[in-house]
2 protein chains.
Amino acid sequence: MKTMEKNRKVLSRSGMRATSQRALILDIIREGHLDADEVYRRARERHPRLSLSTVYRTLQKLKERGLIDELHFDETHHHYEIKQPTGHHHLVCLSCGKIIEFACQLSQKMKEDVARQHKFAVTGIEVNMTGYCSDCAKDSK
Amino acid sequence: MKTMEKNRKVLSRSGMRATSQRALILDIIREGHLDADEVYRRARERHPRLSLSTVYRTLQKLKERGLIDELHFDETHHHYEIKQPTGHHHLVCLSCGKIIEFACQLSQKMKEDVARQHKFAVTGIEVNMTGYCSDCAKDSK
DNA sequence: ATGGCTGCAAAAGTTTTGCACTTCT
DNA sequence: AGAAGTGCAAAACTTTTGCAGCCAT
């Protein structure tokens with residue numbers, strides 16, 4: 001598998017040992033905005049002896065090294081996504097659970113405003129909106 | 001206590017039974033952006049037989065009725081605050097943990113942009129920034 | 001009075017940790 | 001070889017639930 005080789009290189013370049021478990025987990029995170037348990041279940045299909053601890057430890061480490069981002073939706077657990085070059089934020093459909101990414105030029109300005117007004121050195125920003133997607137077209141009034 | 005009477009009225013008006021536990025919990029949430037366990041600990045000082053289950057059930061119900069908002073910071077548990085008339089968002093200092101509220105006129109526009117571009121009916125928005133407050137003045141570069 | 005609420009205990013769900021063994025470099 | 005990573009089991013932490021009795025309306 002070509003992509004596995006690429007994943008190993010990404011890991012090495014970030015100063016992490018390139019194990020098969022990590023390459024696999026990285027591969028799976030590219031599939032979407034998954035939580036730890038979903039990563040675990042998908043990974044087990046290809047590597048049945050993988051443990052959930054390894055998933056958690058790997059997610060932690062990938063986050064520290066800046067290879068993935070952690071998302072905090074309205075739930076008791078987190079979701080993860082591959083770090084992307086352009087900043088973006090998320091919409092969560094309350095009906096079907098779909099997660100939609102949206103680009104946002106305003107959030108940059110928002111950061112600057114806050115930094116100026118509160119003398120706050122911003123290192124991260126997360127914007128999450130909830131609602132109903134066009135497919136679900138809820139008659140919520 | 002005058003404020004307890006007020007809390008009971010708030011509860012009744014929202015169609016909830018006004019119990020002493022709920023009035024107390026509402027009172028304590030006014031103290032800040034607390035998580036369930038912190039609400040529990042503070043509440044026990046005034047009502048030692050209060051159970052943690054009641055705290056969770058009450059927070060759940062207050063959220064449903066729109067009396068409080070749930071915040072999702074970079075943690076495995078949630079925080080709560082009294083619902084306020086004007087929308088605002090939060091800064092979390094990574095050094096001292098302080099939470100700063102900031103008003104934001106841009107988020108309204110952000111919602112409108114998203115609604116238009118993705119045909120998404122927005123019901124909620126949460127903006128959280130992390131960084132370092134002026135007191136901590138980190139030499140993070 | 002009666003339906004909702006509470007406390008307690010137990011369970012469920014999520015994340016972390018200790019340790020012996022394995023793998024990467 | 002040595003350090004870092006893994007699997008397993010157990011623990012820790014957060015939240016939910018069943019149930020008998022209590023309380024607000």
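From a predicted model like this one, the values you see are computed outputs, not experimental measurements. Below, chains carry the letters A, B, ... as their sequence lines are ordered, and counting in each starts from 1.
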**Message:** Distance check needed: D:dG5 C1' versus A:Leu24 CG, whole Å only.
**Reply:** 15 Å
**Message:** Rounded to whole Å, how long is the line connecting atom NE2 of B:His47 with atom C1' of D:dC23?
**Reply:** 12 Å
**Complete:** Closest to the side chain of A:His78, out of C:dT15, C:dG7, D:dT25, is C:dT15
**Message:** Counting only side-chain nitrogens and oxygens, does B:Gln21 get under 4.0 Å of the OP1 or OP2 atom of C:dG7?
**Reply:** yes
**Asked** Between D:dT14 atom C1' and B:Asp35 atom CG, what is the distance in whole Å?
**Response** 10 Å
**Asked** Given atom CZ of A:Arg49 and atom C1' of D:dT6, what is their separation to the nearest angstrom?
**Response** 9 Å
**A:Lys61 vs D:dG5: side-chain N/O to OP1/OP2 distance below 4.0 Å** = yes
**Request:** Between B:Ser51 and A:Thr19, just flag the one whose closest nucleotide in DNA chain C comes earlier from the 5' side.
**Result:** B:Ser51
**Message:** Rounded to the nearest 0.5 Å, what separates atom NE2 in B:His90 from atom CZ in B:Phe102?
**Reply:** 9.0 Å
**Asked** Roughly, in whole Å, what's the span from CZ in B:Phe73 to P in D:dT14?
**Response** 16 Å
**Prompt:** Between the base of C:dC5 and the side chain of B:Thr58, is there any donor-acceptor pair under 3.5 Å?
**Reply:** no
**Asked** Rounded to the nearest Å, what distance is computed from the OH atom of residue B:Tyr56 to the C1' atom of nucleotide C:dG13?
**Response** 12 Å
**Fill in**
5'-most contact on DNA chain C (nearest-nucleotide basis), A:Arg8 vs B:Thr54, goes to B:Thr54
**Prompt:** Hey, does A:Arg57 reach any base, or is it just sugar-phosphate, or nothing, if we go heavy atoms under 4.0 Å?
**Reply:** base
**Message:** Here's a test of your reading of the structure: between B:Arg17 and B:Thr76, which maps to the more 5' nucleotide of DNA chain D?
**Reply:** B:Thr76
**Item:** Ion pair A:Glu5/A:Lys9, N-O distance below 4.0 Å
**Value:** no
**Hydrophobic cluster identity match, B:Leu34 and B:Ile25, side-chain contacts under 4.5 Å** = yes
**Message:** Please pick, from D:dG7, D:dT15, C:dG7, the nucleotide with the shortest atom-to-atom distance to any side-chain atom of B:Leu50.
**Reply:** C:dG7
**Message:** If the threshold is 4.0 Å, N to carboxylate O, is there a salt bridge linking B:Glu38 and B:Arg41?
**Reply:** yes
**Asked** Can you check the A:Lys9 NZ to C:dC24 P distance for me, whole Å?
**Response** 17 Å
**Asked** Between B:His78 and B:His72, what is the ring plane arrangement, given parallel below 30°, perpendicular above 60°, and tilted in between?
**Response** perpendicular
**Message:** Taking donor-acceptor contacts at under 3.5 Å, does the side chain of A:Ser53 reach the base of C:dT17?
**Reply:** yes
**Message:** Can you measure B:Asp37 atom CG to C:dT14 atom C1' for me and round it to whole angstrom units?
**Reply:** 16 Å
**Prompt:** Contact class for B:Leu52 (heavy atom, under 4.0 Å): base, sugar-phosphate, or nothing?
**Reply:** base
